Amino acid sequence: MWEGLLAVAPIAMAVLFLQLTLVTMPWSVFLRFLLGTVFILAGLVLFMQGVRIGLLPLGESLGSELPKRSSLSFLIFFAFLLGFIVTIAEPDVQVLAKYVDYASNGLIKSYALILTVALGVGVFTGLAIIRIILGVPISYIIALGYGLVLVLSIFTPSEFLAVSFDAGGVTTGPITVPFILALGMGTTSVLGGKSPFSDGFGLVGLASIGPILGAMILGIIYS
């Protein structure tokens, strides 16, 4: 409840201040905003509780058990699959895809962008697991990934360039982040010689590169 209040209260106070000083929107609209704020707070409380009792333990369990019970190729494939699935369920991705569909008058279908973003996250989640296992410095993969981003930005239509970087941002949402972090921490916990602090983090940063590249490639295809 306290975490939810810290997230919602500043926004509510700012809107209340504007309502009393500058904007003065119709009070019926403002009351709907207050009611929506209550619903948002309740949703955040339930969501955070669900993350703690379900999503985080599940990610850590999968990350710690898969290396023991399966081959390297299966572990990488499963990391790809999980990254793909949780991205499709990410609310931020859904919002971006709907707005892009609306702004393009239906030319860029929402499902096309969602699948592209999810595919990018899945691929780079798999690469992040490979990095943990092989001990590849994360700076190398980040440099290579953003080097490709810079190269593709030359060929990507300007309409897609901004969308591509937003696609990388929306993947760092409330479902994808805790699950991918938990998966990385669980994987490093069972691999000898791996540090959960230095090797278990960085998956989210790497995963956010994939949607940028994917959206750029989608833009080149559309052009």
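This is a predicted model, so every value here is computed, not measured. For the numbers below, each heavy atom of this structure counts, side chains included, while hydrogens, waters and symmetry mates do not.
Ring planes of Phe77 and Phe74: tilted class, angle from 30 to 60°.
Summarising the local packing, CD1 of Ile11 is surrounded by 12 or fewer heavy atoms from other residues, nucleotides or ligands at distances under 6.0 Å. Other residues, nucleotides and ligands contribute at most 12 non-hydrogen atoms within 6.0 Å of the CE atom of Met1. Residue Tyr102 qualifies as open at atom OH: its count of foreign heavy atoms under 6.0 Å is 12 or below.
Under a hydrophobic-cluster definition in which Ile, Leu, Val, Met, Phe, Trp and Tyr are linked whenever side-chain heavy atoms come within less than 4.5 Å, directly or via other members, Val149 and Val170 are assigned to the same cluster. Val38 and Leu5 fall into different hydrophobic clusters, where Ile, Leu, Val, Met, Phe, Trp and Tyr are joined by side-chain heavy atoms under 4.5 Å apart, directly or via other members. Linking ILVMFWY residues whenever their side-chain heavy atoms come closer than 4.5 Å, directly or via other members, places Val29 and Leu18 in the same cluster. No chain of hydrophobic side-chain contacts below 4.5 Å, direct or via other Ile, Leu, Val, Met, Phe, Trp or Tyr residues, connects Leu35 to Met25. No continuous path of ILVMFWY side-chain contacts below 4.5 Å connects Leu46 to Phe179, so the two sit in separate hydrophobic clusters.
With rounding to the nearest 0.5 Å, the separation of CG in Leu206 from CD1 in Ile138 is 4.0 Å.
Gln19 places no side-chain N or O within donor-acceptor distance of the main-chain N or O of Pro26, the cut-off being under 3.5 Å. Remark: the backbone N or O of Thr172 is not paired with any side-chain donor or acceptor of Thr176 at under 3.5 angstrom.
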